[in-house]
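Below, each value reflects all heavy atoms present in this structure, side chains not excepted, and no hydrogens, waters or symmetry copies. Just so we're on the same page: letters track the sequence lines, and every chain starts at 1.
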Amino acid sequence: MPELPEVETIKRTLSPLLKGRLIKEIKVGLGKLLLPGEKEFIARVAGRRFLDLKRKGKYLICLLSGGTAVIVHFRLTGQLIYVNGQKPLPPHTHLRFFLDRGELLYVDLRQFGRLEALAAKDLKDHPQLKELGPEPFALNERDFYGLLQKSSRPLKALLLDQKVISGLGNIYVDESLFRAGLHPKRPGKELSLPEASRLLAVIKEILAEAISDGGSSVRNYVDGQGQRGRFQEKHRVYGRRGKPCPRCGQTLAYTKIAQRGTHFCPACQK
DNA sequence: GGGCTCCTGGAT
DNA sequence: ATCCAGGAGCCC
């Protein structure tokens with residue numbers, strides 16, 4: 001589910017609601033979501049306050065009092081939703097964090113997401129976070145060109161690889177390659193510097209637009225207040241297989257690359 | 001690198 | 001009944 005713009009939106013919507021809040025009690029419906037384990041997670045987190053929220057790639061990082069941190073990875077269908085007042089719980093609510101004001105729910109239809117409690121000082125040594133490549137916003141044209149030059153893998157696979165560049169997922173890779181006019185199967189090392197520069201520019205542009213539109217809600221995604229995003233209305237290729245290309249009118253194609261459904265225009269993307 | 005796996009549910 | 005889904009860890 002959430003890619004960089006969605007996690008950023010979750011962070012922005014939850015921050016004002018959670019900062020300073022005390023976690024009074026945690027009710028666990030599905031303990032396998034918790035690392036290093038249910039008991040240890042509760043021991044580390046219960047009784048702490050939210051101090052700040054950060055984002056790294058597609059990871060949300062909650063900094064708590066007492067030098068504690070919680071890393072949230074939503075995978076495909078995870079949601080963190082703040083509620084205040086008694087409404088019926090959403091289906092697939094697996095965790096409830098009772099706060100001194102309101103409640104934070106972790107909801108996850110497919111149960112792939114994970115929440116990990118650890119000492120904040122250990123964040124820098126975390127095996128997944130440590131391996132993340134640079135964020136698009138932190139890259140310049142030369143560095144990005146250098147990253148692509150190192151591999152003959154298809155652009156689609158390269159951009160999805162969080163160790164190469166962090167934050168992009170299936171939607172934003174397909175949308176970026178379309179706007180850049182690049183075929184998803186093009187090997188990275190074949191790109192010229194101008195092509196790489198253009199690709200990086202459209203990636204930054206699309207991510208910024210998607211953030212300002214509150215992310216893309218294709219099916220499940222909602223922000224920290226349960227609101228859907230609006231950027232899906234601006235998708236030009238993702239989820240539009242068989243429809244006419246918005247640029248040239250030719251039928252949009254669909255194929256599998258790196259085991260992921262891939263949408264593109266066979267005429268516009270070379 | 002590419003397959004399989006973890007899950008539930010919607011579309012066809 | 002079958003395929004597909006905003007992800008990525010683990011296995012050759």
- Message: Is it the case that the side chains of A:Asp174 and A:His263 hold a donor-acceptor pair, with the cut-off being a distance below 3.5 Å and no angle test?
- Response: yes
- Message: By nearest atom, which of the nucleotides C:dG6, C:dA8, B:dG1 is closest to the A:Arg153 side chain?
- Response: B:dG1
- Message: Between A:Glu195 and A:Arg186, does any NZ, NE, NH1 or NH2 come within less than 4.0 Å of an OD or OE carboxylate oxygen?
- Response: yes
- For A:Gly261, answer base if it contacts any base atom (sugar-phosphate contacts may also be present), sugar-phosphate if it contacts only those atoms, and nothing otherwise; contact means non-hydrogen atoms under 4.0 Å. sugar-phosphate
- In whole Å, what separates the P atom of B:dC4 from that of C:dC3? 13 Å
- Item | Ionic contact status for A:Glu135 with A:Lys204, cut-off 4.0 Å | no
- Item | For atom CG of A:Asp174 and atom C1' of C:dA5, their distance in whole Å | 13 Å
- Message: Could you check whether A:Arg179 pairs with A:Glu175 (Lys NZ or Arg NE/NH1/NH2 to Asp/Glu carboxylate O, under 4.0 Å)?
- Response: no
- Query: Can you name the closest pair of heavy atoms from A:Pro16 and A:Thr13 and give their distance?
  - Reply: CD-O, 3.6 Å
- Under a 4.0 Å heavy-atom cut-off, which of residues 225-247 of chain A touch DNA chain C? A:Tyr238, A:Arg241
- Expressed in whole Å, how much space separates the P atoms belonging to C:dC10 and B:dC7? 15 Å
- Item | Nucleotide C:dA8, atom P - distance to CD of A:Glu116 in whole Å | 15 Å
- Message: Between A:Glu131 and A:Lys163, does any side-chain N to carboxylate O distance fall below 4.0 Å?
- Response: no
- Task: Round to the nearest Å and state the distance from A:Leu168 atom CG to C:dA8 atom C1'.
- Result: 15 Å
- Carboxylate-amine/guanidinium proximity below 4.0 Å for A:Arg228 and A:Asp223: no
Under 3.5 Å, side-chain donor or acceptor atoms of residues 249-262 of chain A against the rest of the protein: list the pairs with distances, not counting sequence neighbours.
| residue | atom | partner | partner atom | Å |
| --- | --- | --- | --- | --- |
| A:Thr262 | OG1 | A:Lys156 | NZ | 3.3 |
| A:Thr262 | OG1 | A:Arg260 | O | 2.9 |

- Message: Base contacts versus sugar-phosphate-only contacts with protein, heavy atoms under 4.0 Å: please encode nucleotides 3-12 of chain B as B, S and - from 5' to 3'.
- Response: B--BBBSS--
- The side-chain contact (heavy atoms from CB on, under 4.5 Å) partners of A:Leu95 (sequence neighbours excluded) come to A:Val28, A:Leu34, A:Phe97, A:Tyr106, A:Leu115
- Query: Considering only the C1' atoms, how many Å lie between C:dA1 and B:dC6, rounded to the nearest integer?
  - Reply: 22 Å
- When Watson-Crick pairs (N1 to N3 and N6-O4 or O6-N4) and G-U wobble pairs (N1-O2 and O6-N3) count only below 3.5 Å on both distances, what is the dot-bracket string of DNA chain B, with | for other-strand pairs? ||||||.|||||
- Task: Please state how far atom CD in A:Glu3 lies from atom P in C:dA8, giving the value in whole angstrom units.
- Result: 9 Å
- Message: Looking only at the side chains, is there a donor atom on one of A:Ser166 and A:Tyr59 sitting less than 3.5 Å from an acceptor on the other?
- Response: no
- Between C:dG9, C:dG7, C:dG6, spot the one nearest the side chain of A:Tyr59, thanks. C:dG9
- Task: List in chain and number order the residues that pass side-chain contact (heavy atoms from CB on, under 4.5 Å) with A:Ser176, two or more places apart in sequence or in another chain; answer none if no residue qualifies.
- Result: A:Leu199, A:Val202, A:Ile203, A:Ile206
- Task: Starting at atom CD1 of A:Ile257, determine the distance to atom P of C:dA5, rounded to an integer number of angstrom.
- Result: 13 Å
- Establish, with yes or no, whether the OP1 or OP2 oxygen of C:dC3 is under 4.0 angstrom from a side-chain nitrogen or oxygen of A:Tyr254. no
